Amino acid sequence: MTDQPPVLPDRPPRSLLVHFGVDSAVAFLALVVLGLLLGVPWGVVAVLALVIGAVAARFTRQAEARALAARREPPSGP
């Protein structure tokens, strides 16, 4: 007898704005360390983080949508 974990409820991917905010914050935190070491001004780091967040948001939302779709499929195997 195998105990199956409970099935998670289906939901749509989070909005592109949420992905933009999270991706920009992650990029800012990564770049601020590098910026402090190289002496890059805060404004340049912030603008660069927003640009990276804008580019990455589309890809991270697609990845979330694929992961949610894969979660709906039953696991295959013996």
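Computed from heavy atoms alone, side chains included, the values below leave out hydrogens, waters and symmetry copies. Fair warning: this is a prediction, and the values are worked out from it, not measured in the lab.
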Is the side chain of T60 donor-acceptor paired with the backbone N or O of A57 at a distance under 3.5 Å, no angle test? yes
For residues F20 and L50, determine if any side-chain heavy atom of one lies less than 4.5 Å from a side-chain heavy atom of the other. yes
Rounded to the nearest 0.5 Å, what separates atom CG in L16 from atom CD in Q62? 9.5 Å
Salt-bridged, R11 to E64, with N to O below 4.0 Å? yes
Should V44 and V33 be counted in the same cluster of Ile, Leu, Val, Met, Phe, Trp and Tyr side chains packed under 4.5 Å apart? yes
Linked, directly or transitively: V45 and L37 (ILVMFWY side chains, under 4.5 Å): no
Which pair of non-hydrogen atoms, one from S24 and one from A54, has the smallest distance, and what is that distance? OG-N, 4.4 Å
Calculate, to the nearest 0.5 Å, the distance between atoms CZ and CG belonging to R14 and L68 respectively. 8.5 Å
Do L36 and W42 make a side-chain contact, defined as non-hydrogen atoms from C-beta onward lying under 4.5 Å apart? yes
Value rounded to 0.5 Å, distance of CZ in F28 from CG in L48: 11.0 Å
Taken to the nearest 0.5 Å, the spacing of I52 CD1 from L31 CG works out to 4.5 Å
